[in-house]
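Counting convention: from 1, in listed order, for ligands and their atoms alike. All figures in this text were calculated on a predicted structure; none of them were measured in a lab.
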Amino acid sequence: MKTIYWNLNKGIIGEEDALVIEEAASELKKGNLIAFPTETVYGLGADATSNIAVNNIFQAKGRPSDNPLIVHISNKKQLHDLVESVSDKVEQVMDRFWPGPLTIIFRLKKDANLSNKVTAGLDTVAIRMPDHPIALELIEKANCPIAAPSANRSGKPSPTEAKHVKEDLDERIRGIIDGGATGVGIESTVIQMEEDHIYILRPGSITKSQLQEITPLVEFSYEKENLDKSSIHEQIPRSPGIKYKHYAPNGLLTVVKGENKQKVKQTIQSAIDEAKEQGEKTGILTFIESKKEYNADLVLTYGSRSRIDETAHDLYAALRMFDKNKVTIIFAEACSEEGMGLAVMNRLMKASGNQVVQV
Ligand code: TXA
Ligand code: MG
């Protein structure tokens with residue numbers, strides 16, 4: 001299949017751009033797959049009401065079919081067609097954070113017009129209203145809810161630029177809308193609400209403290225890898241996707257954590273030197289402030305140590321760049337887990353398959 005590539009890098013400015021969105025929307029209605037930008041990462045969209053279309057997503061990504069998808073909507077009417085009921089607290093959350101990088105799990109309406117492949121047979125559905133003009137216009141024009149996982153091959157880092165989508169899915173999907181680099185850089189925060197409680201199933205750029213503006217009862221409900229096993233709650237909801245390998249580069253990635261920066265640096269550099277001696281192609285992921293202090297085949301940065309909220313923006317592009325350069329051994333400096341840093345560390349830990357060295 002030839003993949004159409006539409007360039008809307010400068011946004012929807014003129015009539016021609018509007019026609020591109022219409023063309024892409026009509027492809028969606030035919031059951032075809034269209035990759036589109038959101039404020040978090042690129043999504044791989046399909047008509048969420050069509051079994052055939054949704055099945056195409058799992059095929060194109062190589063995604064396990066028991067991992068449910070997020071339904072993207074552009075208005076609240078679409079929400080009420082899909083879900084059982086919406087409590088006042090949930091309304092408050094939506095009013096505060098939608099459109100935006102927050103996915104909410106709802107109880108699915110019994111007669112909802114939705115492919116059961118979207119929810120992988122669960123009685124709940126994940127819904128989000130993305131904060132991106134191209135995404136919103138595309139959903140509006142398609143006039144149906146759009147199921148969209150991140151537009152990468154399963155297991156790879158999510159795409160934050162259209163060229164990443166092309167690397168992974170060229171000739172597997174009908175079209176890619178290039179809307180430039182995405183703003184946030186990591187996937188939405190996923191939450192489930194029960195009465196006054198908010199459970200965070202996947203951390204993201206909407207942080208625990210932001211959610212606490214709505215209710216103080218906000219808890220994490222995902223495995224914090226090996227870091228903090230004691231805080232795992234067994235009884236509360238989980239995201240099925242959390243169990244799969246994710247975001248991984250081809251090279252072996254190890255994360256190095258520690259308060260003492262000098263020690264972290266020495267540990268990384270000596271491991272890299274040793275790997276180099278053994279003929280490996282080496283890579284280091286660090287911060288702008290430390291870039292010059294390291295020596296490896298490829299030294300990349302994911303922002304500044306003092307601006308942790310921005311580190312998400314470049315993380316996936318860096319992981320993909322290591323692949324492009326065929327780097328075989330990668331060491332990454334951990335970032336602080338303050339604010340959005342928590343979500344960034346969650347992705348970095350998964351990308352490394354939990355390979356951590358604490359110094
Ligand atoms: O920012 C994002 O969320 C991006 C953009 C494209 O919107 N999408 C995205 O989709 O990250 P995906 O498929 O890569 O991740 C969806 C996550 C998975 O962890 C999945 O298990 C979880 O949402 N999920 C979906 N439906 C669920 C449900 N009913 N209950 C619990 N978790 C669910
Ligand atoms: Mg994904």
Novice: With a heavy-atom distance limit of 4.0 Å, tell me whether R107 approaches ligand 1 through its side chain, its backbone, both, or neither.
Specialist: neither
Novice: Using heavy-atom distances only, which candidate in A148, P130, P101, S154 approaches atom 8 (N) of ligand 1 most closely?
Specialist: A148
Novice: Under 4.0 Å, heavy-atom basis, I'd like to know which part of T124 is in contact with ligand 1: side chain, backbone, both or neither.
Specialist: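 Looking at T124 and ligand 1, atoms from backbone and side chain both fall under 4.0 Å.
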Novice: Could you list which atoms of ligand 1 come closer than 4.0 Å to a heavy atom of N67?
Specialist: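 Per the distance check, 18 (C), 20 (C), 21 (O).
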Novice: Is there any N or O on Y42 that sits under 3.5 Å from an N or O of ligand 1?
Specialist: no
Novice: Would you mind listing which atoms of ligand 1 come within a distance below 4.0 Å of any non-hydrogen atom of L122?
Specialist: 28 (C), 29 (N)
Novice: Would K61 count as a polar contact of ligand 1, with the cut-off being nitrogen or oxygen pairs under 3.5 Å?
Specialist: no
Novice: Of S306, S304, C335, which is the lone residue that meets side-chain contact (heavy atoms from CB on, under 4.5 Å) with F287?
Specialist: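 So the option named by the test is C335.
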Novice: Looking at K109 and D81, is there a salt bridge between them, counting it only when a charged N and a carboxylate O are closer than 4.0 Å?
Specialist: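 The answer is no: the pair does not qualify as a salt bridge.
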Novice: Looking only at the side chains, is there a donor atom on one of K61 and N67 sitting less than 3.5 Å from an acceptor on the other?
Specialist: no
Novice: Considering only heavy atoms of I105, which atoms of ligand 1 have at least one such atom less than 4.0 Å away?
Specialist: 27 (C), 28 (C), 30 (N), 31 (C), 32 (N), 33 (C)
Novice: Name the option, out of S205, P159, G45, P68, that contains the heavy atom nearest to atom 26 (N) of ligand 1.
Specialist: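 Of the listed residues, P68 has the closest heavy atom.
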Novice: If you count the atoms of ligand 1 from 1 in the order shown, which ones are under 4.0 Å from a heavy atom of H72?
Specialist: 5 (C), 6 (C), 7 (O)
Novice: Is the NZ atom of K326 crowded by more than 12 outside heavy atoms at less than 6.0 Å?
Specialist: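 Open: at most 12 neighbouring heavy atoms sit under 6.0 Å from NZ of K326.
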Novice: Report, in ascending order of atom number, the atoms of ligand 1 lying under 4.0 Å from any heavy atom of A126.
Specialist: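 Within the 4.0 Å cut-off of A126, ligand 1 contributes 25 (C), 26 (N), 27 (C).
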Novice: Report the part of Q192 in contact with ligand 1, treating N, CA, C, O as backbone and CB onward as side chain, heavy atoms under 4.0 Å; options are side chain, backbone, both, neither.
Specialist: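 It is neither; nothing of Q192 touches ligand 1.
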Novice: Do T3 and E171 have side-chain atoms, one donor and one acceptor, less than 3.5 Å apart?
Specialist: no
Novice: At less than 4.0 angstrom from any non-hydrogen atom of G43, what atoms of ligand 1 do you find?
Specialist: 6 (C)
Novice: Are I191 and L211 side-chain neighbours, meaning at least one heavy-atom pair lies under 4.5 Å?
Specialist: yes
Novice: Can you confirm whether the side chains of R347 and S158 place a donor and an acceptor under 3.5 Å from each other?
Specialist: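 The answer is no; no qualifying pair exists.
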Novice: Say whether S50 and S115, considering side chains only, have a donor N or O and an acceptor N or O under 3.5 Å apart.
Specialist: no
Novice: For residues Y247 and Y316, establish whether the separation of their ring centroids is below 6.0 Å.
Specialist: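 Under 6.0 Å, so yes.
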Novice: Is the distance between the Mg ion (ligand 2) and the nearest N/O/S atom of S158 smaller than 2.8 Å?
Specialist: no
Novice: Return a yes/no value for S188: is any of its N or O atoms, backbone included, closer than 3.5 angstrom to an N or O of ligand 1?
Specialist: yes
Novice: For ligand 1, which atoms have a heavy atom of S150 less than 4.0 angstrom away?
Specialist: 8 (N), 9 (C), 10 (O), 12 (P), 14 (O)
Novice: Testing the 3.5 Å rule here: is there a donor-acceptor pair between the side chains of R128 and T40?
Specialist: yes
